[in-house]
Amino acid sequence: MSDPLKVRIRTVLKTAGSLQQGVEAIRDDSDLHAAGLTSHATVSLMLALEEAFDIEFPDRLLRRKTFSSIDAIAEALAEIGVRDEAA
Amino acid sequence: MTDPAASAYRRFRDELLHHGLLISMGVDGLFGRSGGFERVLEGVNAAIGAVGDVDRPEVMRFPPGIGSLQLEQSGYLRNFPHLAGTVASFSGGDDDHRALLDSLSKGEDWSGTQRPTGVALTPAACYGAYPVVAARGRLPEAGALVDVYTWCFRHEPSIDPARMQMFRQREHVRIGSPAQIATFRETWLERARSLVESLGLPMAIEVANDPFFGRVGRILANSQRERSLKFELLVPIVAEAPRTACVSFNDHRDLFGRAWAIEAQDGGVAHTACVGFGVERLTLALLRHHGFVPGDWPAGVRHVLGL
């Protein structure tokens, strides 16, 4: 929980993810789709992440897998240059 | 850059018009159909019906419109805003009528005098069925199986005669448990393959995705492909590529079950699936592969179509 990037992802997930359970119950490597992240919630999450981090996901990352866990999202964000200390 | 297939589309369209099979209406993607075209199309439709009738589906026939609210509820506007069409009509008083007459006399834009009617054009034949089944309450153990056939509208004007704006779909819709959905899809993949084979058409069945709008649509399209939720039976019509989807097999999971609150037998959310046949496309495929004179087609094909 100390990773500031993942803390910020959690904040976004809390409002945009429409998950059945609370974000607190989700581990960094938990499968978000299994936790109830629907296709449309994935879209909302993507848009919310773009707004929160002021980025635009490139086409190659516009896949379900990119948003499959907090770890996966962090990895994608890192790949497009978002740094931990950006918080 | 021009579409390399464009001249092939135009050529095929002109041939269909020349043979009097399609009738020009002056708008891309809108055509009249001749009696000869309709005889083949009705043969195709009847052949599909004959294959599905063994399951004793409930037959429902709807007009080519649904309530705008249903379109909204289905998620169609969110996913395919570029394809959706709604009906607008004049609903003003004398002053508005005067404004309309004024615009008409000056040849100006009169669309401002039109207001939404609450009616949307049907984007896919199955959309009529879901709210009806949902309104009946909890599904029986056997689930529901519905046979629908209607005109559909999609706003994609094209010179490709196989991409019409108004066309008919014959669909079978399955509503029930995930296991019932899986059986339905397997059964229809096989049935469609053998039906199209009996029509003497080359084909391939491949994983596909719907044309979701925009950047967010890429996630939905990729996700649909990764989970193999949509298959299409493709036939080369104008050329070897791109081929035309003549039948589509769609597993919606619980998307429509949630949208319309369709209650499954176990009290959960029902799953849905549909298999949709584009009857104009199959007719065009037959005309392309067997020639413009149905009387000259192979006897076996004519037999399947009752011609």
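This one's a predicted model, so the numbers in the text were calculated from it and none came from an experiment.
For A:Asp54, the CG atom is loosely surrounded, since the number of other residues' heavy atoms within 6.0 Å does not exceed 12. Within 6.0 Å of CD on A:Glu75 lie no more than 12 heavy atoms contributed by other residues, nucleotides or ligands. Applying the 6.0 Å contact sphere to CD of A:Glu51 captures no more than 12 heavy atoms from other residues, nucleotides or ligands. Heavy atoms of other residues, nucleotides or ligands lying less than 6.0 angstrom from OH of B:Tyr149 number more than 12.
Looking only at distances, no side-chain donor or acceptor of B:Arg215 sits under 3.5 Å from a matching main-chain atom of A:Asp59. Side chain of B:Asn222 to backbone of A:Leu62: a donor-acceptor contact under 3.5 angstrom is found.
When heavy atoms are compared at a cutoff of 4.5 Å, A:Leu47 approaches chain B solely by way of its side chain, counted from C-beta outward. For A:Phe67, the part lying near chain B is the side chain, with the backbone staying farther off; criterion is any non-hydrogen pair under 4.5 Å. Looking at B:Arg78, only its side chain comes within 4.5 Å of chain A, counting heavy atoms on both sides. Heavy atoms of B:Asp254 lying under 4.5 Å from chain A are absent altogether.
Highest contact tally toward chain B, considering only A:His33, A:Arg64, A:Glu56, is held by A:Arg64 [criterion: heavy-atom pairs under 4.5 Å].
Looking only at side-chain heavy atoms (C-beta outward), A:Met46 and B:Val216 come within less than 4.5 Å of each other. Looking at B:Leu255 and A:His40, their side chains come closer than 4.5 Å, going by heavy atoms from C-beta outward.
Between the side chains of B:Arg227 and A:Ser39, at least one donor N or O lies within less than 3.5 Å of an accepting N or O.
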